Amino acid sequence: MSMKQEKLDELSDHMFQPANTDALENEQIAGESTGFWKDAWRRLKKNPGAITGLIIILIIVLMSIIGPGMNEYSYSQQDLSRAKLPAKVPVLENVDFLGLNGVDIRGTDQYEAKGVEEYFWFGTDGFGRDQWTRVWQGTRISLFIAAAAAFIDFVIGVAYGGISAYYGGRVDNILQRIIEVLIGIPNLILIILFILIFEPGIFSIILALSVTGWVGMSRIVRGQVLKLKTQEFVLASRTLGATSGRVIGKHLIPNVLGQIIITTMFTIPNAIFFEAFLSFIGLGIRPPEASLGSIINDGFKSLQIYPHLVLWPSIIISLIMIAFNLLGDGLRDAFDPKLRK
Amino acid sequence: MEKILEVNDLHVSFDTFAGEVKAVRGVNFHLNKGETLAIVGESGSGKSVTSKAVMGLIPNPPGRIKQGEIKFGDRNLAQLPEKEMQKIRGSEISMIFQDPMTSLNPTMTIGKQIMEGLIKHQNMNKSEAKERAIELLKLVGIPNAEGRVTEYPHQFSGGMRQRVVIAIALACNPRVLIADEPTTALDVTIQAQILELLNDLQEKMGTSIIFITHDLGVVANIADRVAVMYAGKIVETGTVDEIFYNPQHPYTWGLLGSMPSLDSTDEELIAIPGSPPDLLDPPKGDAFAPRNPYAMQIDTEMEPPLFKVSDTHYAATWLLHEKAPKVEPPAAIKKRMQGMAPDEPIIGAKDGGKHV
Amino acid sequence: MGRYIGGRVVSMVITFLIIASLTFFLMKLLPGTPFNNQEKLTDTQIVQLNEKYGLNDPVAVQYFSYMKNLFVGDLGVSFQQDGREVSTIIGERIGPSAYLGFQSIVLGTIVGLFLGIIAALRHNSFLDYGTMVIAVLGISIPNFVIAGLMQYWLGVKWELLPVAYWDGFAYTIMPTIAIASIVVATIARFMRTEMLEVLGQDYITTAKAKGLSSTAVVIRHTIRNASIPIITIMGPLVVALMTGTLVIEQIFVIPGLGEKFVNSIMTNDFPIIMGTTLFYSLLFIVVILLVDIMYGIIDPRIRLAGGKD
């Protein structure tokens, strides 16, 4: 249990002099302190899924901006003499298994058969329109609809939830009763009714998506604000005479911003899905305008013979959805204060 | 006295992303039959990890017992296969946890939760087990046990829940009971009741208890012997009287000094400066040295061995070395030590509530 | 509990009445007449048809007769299908949709629970990561993309399954998988999180400290408690299923209610749109109510809290 006594006797006297210890030395914080955002970003960077998602989103957004202008065809330019061509890409056409050589599923080279010299990177649709241009144009519109819907959700949701929670009492009570009724109505039904009235189009779709979309956001904001409201620092700032607006703007919003960003990350893919869904039930964007959903829906009519018309936009829409979900998950982990150490 | 449990040179580590956290770094202690041993220390000192190691409940990964043995009878629990360990858990060694609000399954009646262990270890059928469950509830002082056996945990108050947890632990008459801060989460009045219950039950059933706490007031109430833990090691061990009236380790002085006492209202509480070391990278020498106002050169270089103070009393501090200068403990501690006449045991430390 | 259910039923009826009124007035705002598509109709014929279906009455009169009929389950008659009862049409069409919905939710729930449990028990293993990849894909990839991929590869290319239509079990497989994908993914993810949460609870340590085998701890204490909150996501899942059937019935040409609904949107057949809308809403409200009641029955904390008042 103890060391041998003789061994201890060998210890020299000077070792029993008082040591210079400063108890407060180990209280000092090593390294710089990291703020909330910096900390979250550091954690996000460590999440390969989230970073992949972020990169995919950036690439797709970039392509939706420059993609339609990358060749000489416009999204509405029809030419039946070159209709329904499969994809053909220079250089890659020589790599057989990619199927980018202009040969259709029956094994005929449609470019040769129709005497087309040009290359259509994603092929052409039933009216001979360049699918590459249309897909990126559609991506642009889908992303625009989603971003606009998410923005409206954000504005209404934050205002509604913030006011409801901040003022509490009767205001909260009335606002929450309204929400209860809204939640009782399946959003699917409300969206369909809305579009029926306003005629399909970009803005009616955005409006329809926002009719119910903000409810989720407002609930999250309300929950967060209610949680924060009772905390000391808000009380402290009120005691110091801060106005309601200042308390909301300076203290509450920055604190709930993490939650808001996460919610938005899931609103966007949801809006993209709903927009595509509306195209499927005949309430989507009207031609010649195109969204990813309407392009896929068109493609389904000739899926069995021309699968490429469905394939490319399907890949893009799936990539967008996966990327936003990955990024949203990553952000949720990054902002989770429980994991903060 | 018969040693029922003996822990030798126990090392427990947790593998984290930052590296290996050495939570327990060579712990030695034993438990005699029928006694109560209190393990005292700050949070993070390794006391809970030590008790979980005895129960074989260190989650693996990330935790593992690196070395050492836990002798229980002729078995070494540190190396027992999980199947064998399951036979011991709950039947020979049981455990009570800190928070009665969370340590019961909310969707299962308390009767069923007590019966589970009985059915598993004592081959009882359901009706026998239920009868025994009611008996146990009566034993731990729950009124109307017949009616309450089919109720759910949320229908009980905190103190009553802790009684249920004790009933579960005692269901199979274990030889060793580990109580991990069983009163920390309770109101002070309820705390006293639970301690009294544990004392009563120990008398009736002859169970040996390891009582883990950071509260020295509780220790005075319940323990026969005390082991003080710091940074994964036991720094001082002795009987209750020895620890309270003749403490040797500066850390024990600090703990005693920071405990309010009813006897004297004039004295100031002494805070221990600083915070415990990072067990990812334990300091060289005595882990307590950076917070120790009595630290010497040697403390920063070599770990102190356990010096013998009496047959039952050991302390790991270089101050006990013959070459060390004589130092004066803080005034409050000195007063305590003077109150104890040599060779004359203090009566009533265990049942006297005056140190609470 | 009885009082709680009573209260919920009342609020359910109110919600339904609001939806019914909203649907009615929104329908009245619709541009165009329901007879637009029949271009052969002369103006006098349209006037006659309007007369026949009461479309010339003041809106208030139409509203009250509509609400009155609603109470006796009369949803009116189709404009397009020569005056056939909407309720009869719904009755005819509900079969395939209900079958698909039921099969999808059962399959999806079983597979999802299984994956979620395995992932949590093998936390941070390849099984766990694999399940999470499946879950992210299932939540992300739209059901119509999954349907298209299957239709092309399994149907057209490999000819393993019928490409479309509704004629026996083989015809249900691809639609079911397409609809169930979101259910599998959602439940797997949710169950995994719940399992991990429960596994970290103190009462699991208590159960282990009793000396129970790991199987007993997992089955009796973990899975049981982790699966209770699953009921709460059943509401949103039912909506996802409804959305799913609308699209999937289109793609696989299944003669279900969803397909009928989409067609009536395209032909402005108001009574069918209204009837189906109300039917879907009622279904949704009832499911939410059942979910709440079930939650109360299964979770003793809620059951007893509800029982006290």
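Chain letters run A, B, ... following the sequence lines, proteins first, then strands; residues in each count from 1. What you see is a predicted model; the values in this text were computed from it and never measured.
Neither the backbone nor the side chain of A:Leu319 comes within contact range of chain C, judged by heavy atoms closer than 4.5 Å. For A:Ile322, the parts lying under 4.5 angstrom from a heavy atom of chain C are both the backbone and the side chain. Residue contact with chain A, scored on non-hydrogen atoms closer than 4.5 Å, involves the side chain of C:Val163 exclusively. Contact of C:Leu22 with chain A is made through the side chain alone, with heavy-atom distances under 4.5 Å. Of the two parts of A:Asp329, only the side chain, counted from C-beta on, holds a non-hydrogen atom closer than 4.5 Å to a non-hydrogen atom of chain C. Contact annotation for A:Leu283: only side-chain heavy atoms (C-beta onward) come within less than 4.5 Å of a heavy atom of chain C. At a 4.5 Å heavy-atom cutoff, C:Phe16 makes no contact with chain A through either its backbone or its side chain. With a 4.5 angstrom heavy-atom cutoff, C:Phe284 touches chain A only via side-chain atoms. Proximity to chain A involves both the backbone and the side chain of C:Asn143, based on heavy atoms less than 4.5 angstrom apart. Both the backbone and the side chain of C:Thr23 come within less than 4.5 Å of a heavy atom in chain A.
Counting heavy-atom pairs closer than 4.5 Å to chain A, the top residue among C:Ile285, C:Leu137, C:Ile251, C:Ile18 is C:Ile251. Counting heavy-atom pairs closer than 4.5 Å to chain A, the top residue among C:Gly148, C:Gly258, C:Gly155 is C:Gly148. The candidate from C:Val247, C:Ile288, C:Thr15 with the greatest count of non-hydrogen atom pairs under 4.5 Å with chain A is C:Val247.
Among C:Thr131, C:Val184, C:Leu115, C:Val136, the single residue meeting the side chain to side chain contact (heavy atoms under 4.5 Å, CB included) criterion with C:Arg189 is C:Val136.
Salt-bridge annotation for C:Glu259 and C:Arg93: present, with a side-chain N of the basic residue lying under 4.0 Å from a carboxylate O of the acidic one.
Interatomic distance, C:Met274 CE to C:Thr277 OG1, rounded to the nearest 0.5 Å: 8.5 Å.
Heavy atoms only, all atoms of each residue included: C:Leu241 and C:Gly101 are closest at CD1-O, 4.0 Å. Annotation for C:Pro175 and C:Ile254: closest pair CG-CD1, 3.7 Å, computed over non-hydrogen atoms. Across all non-hydrogen atoms, the minimal contact from A:Ser294 to A:Glu289 is OG-O, 4.5 Å.
Defined by atom type and a distance below 3.5 Å, a donor-acceptor pair is missing between the side-chain atoms of A:Asp153 and A:Thr267. Side-chain polar atoms of A:Arg177 and A:Asn173 form a donor-acceptor pair below 3.5 angstrom.
Using cut-offs of 30° and 60° for the angle between ring planes, the A:Trp214 and A:Tyr160 rings count as tilted.
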